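See structure below.
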Amino acid sequence: QVQPVESGGGSVQAGGSLRLSCSASGYFSSDCVGWFRQAPGKERETIAAIGTRGGSTYYADSVKGRFTISRDNAKNTVTLQMNSLNPEDTAMYYCATKISAPIVRSGRYCFTARYDYWGQGTQVTVSS
């Protein structure tokens, strides 16, 4: 297992959309994958997670209904589609993976799990 890599961050106006991707090698389909964010002066926040195999999902209330996490196991990629962005979404966004094989884990479990490997992060800036 190696460190995941995020991509897709950038700047957007309020109400806009961005899509973040998290890629990793190895048995990615057997890992929990989570998305996190940290704004300056604030604690890191877990915002979304996707379970292993079939990929059940779980979201923080702050993003529920606006963000969608999904996985493409064939491409070893997890995507975070972010819609209706607002300035409060401005932060550094990180993805992380947790080795879970051979146990199948739900998105809810993955949301609160302790993660093994972290990406370097990608910046998202939303202007009003």
Side-chain angles (χ1 to χ4, degrees):
Q1 196 74 334
V2 297
Q3 185 179 32
V5 177
E6 305 95 339
S7 62
S11 298
V12 65
Q13 289 193 327
S17 299
L18 282 174
R19 179 183 294 181
L20 305 183
S21 292
C22 175
S23 299
S25 62
Y27 256 167
F28 198 58
S29 64
S30 302
D31 295 345
C32 285
V33 179
W35 280 99
F36 308 79
R37 67 185 181 186
Q38 188 165 20
K42 294 188 177 181
E43 293 187 355
R44 187 176 66 201
E45 176 187 15
T46 308
I47 57 173
I50 189 162
T52 62
R53 301 296 181 182
S56 66
T57 59
Y58 200 85
Y59 299 92
D61 288 343
S62 59
V63 306
K64 196 175 296 181
R66 301 187 298 123
F67 291 10
T68 303
I69 187 172
S70 61
R71 70 191 306 157
D72 184 337
N73 291 330
K75 296 181 179 179
N76 274 2
T77 300
V78 168
T79 297
L80 184 69
Q81 177 66 42
M82 306 187 296
N83 298 328
S84 301
L85 287 162
N86 58 63
E88 289 69 39
D89 294 315
T90 295
M92 185 71 79
Y93 283 69
Y94 301 88
C95 75
T97 61
K98 174 181 174 59
I99 300 171
S100 298
I103 301 173
V104 177
R105 297 295 192 185
S106 69
R108 184 166 187 167
Y109 170 88
C110 295
F111 190 82
T112 57
R114 184 172 181 174
Y115 280 76
D116 302 309
Y117 299 94
W118 291 80
Q120 293 297 315
T122 186
Q123 178 68 37
V124 171
T125 302
V126 185
S127 57
S128 58

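Every value quoted in this text rests on a predicted model; they were computed, and no experiment measured them.
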Look only at the side chain of Tyr115 and the backbone of Cys110, and say whether a donor-acceptor pair between them is shorter than 3.5 Å.
-> yes
Over all atoms of both residues, closest heavy-atom pair of Ser128 and Pro87 = CB-CG, 3.9 Å
Distance col, row Gln38:CD vs Tyr93:OH, nearest 0.5 angstrom, shows 12.0 Å
Inter-residue atom distance Leu85.CG - Gln13.CD, 0.5 Å rounding | 12.0 Å
Given Asn83 and Ser17, is the side-chain hydrogen bond (donor to acceptor under 3.5 Å, both in side chains) satisfied, shown in steps?
-> CA-CA 4 Å; Asn83 298 328; Ser17 299; 2.9 Å; yes
Pairwise distance CG(Leu20) to CD(Gln81) - rounded to 0.5 angstrom = 9.0 Å
Indicate the atoms forming the closest heavy-atom contact of Val124 with Gly9, along with that distance.
-> CG2-CA, 4.2 Å
Examine distances only and state if a side-chain atom of Gln120 and a backbone atom of Val5 form a donor-acceptor pair shorter than 3.5 Å.
-> no
Would a distance-only check, ignoring hydrogens and angles, find a side-chain to backbone donor-acceptor pair under 3.5 Å from Asp31 to Val33?
-> no
Check step by step if side chain to side chain contact (heavy atoms under 4.5 Å, CB included) holds for Ser23 and Thr77.
-> CA-CA 5 Å; Ser23 299; Thr77 300; 3.5 Å; yes
Separation of Phe36 CZ from Leu80 CG (nearest 0.5 Å) | 11.5 Å
Asp89, Thr122, Thr90 screened by side-chain hydrogen bond (donor to acceptor under 3.5 Å, both in side chains) with Arg37, the one that passes | Asp89
Of all heavy-atom pairs between Cys95 and Pro4, which one has the smallest distance, and what is that distance?
-> SG-CB, 3.6 Å
Within the distance-only criterion (no hydrogens, no angle test), does the side chain of Arg66 pair as donor or acceptor with the backbone N or O of Ser84 below 3.5 angstrom?
-> yes
Over 60° means perpendicular and under 30° means parallel, so classify the ring planes of Trp118 and Tyr94, tilted if in between.
-> perpendicular
Check whether Val126 and Met82 end up in the same hydrophobic cluster, where Ile, Leu, Val, Met, Phe, Trp and Tyr are linked by side-chain heavy atoms less than 4.5 Å apart.
-> yes
Is a side-chain N or O of Glu6 found less than 3.5 angstrom from the main chain of Gly121, in a donor-acceptor match?
-> yes
Would you say the side-chain atoms of Tyr58 pair up with the backbone N or O of Gly51, donor to acceptor, closer than 3.5 Å?
-> no
Check whether the ring centres of Trp35 and Phe67 lie less than 6.0 Å apart, and answer yes or no.
-> no
Between the CZ atom in Arg114 and the SG atom in Cys32, the distance rounded to the nearest 0.5 Å is 14.5 Å
Donor-acceptor contact present, side-chain Arg108 to main-chain Ser56, <3.5 Å | no
Nearest-0.5 Å distance that lies between atom OG1 in Thr57 and atom NZ in Lys64 = 10.0 Å
Kindly give the heavy-atom pair with the smallest separation between Glu45 and Ala60, and that separation in Å.
-> OE2-CB, 4.3 Å
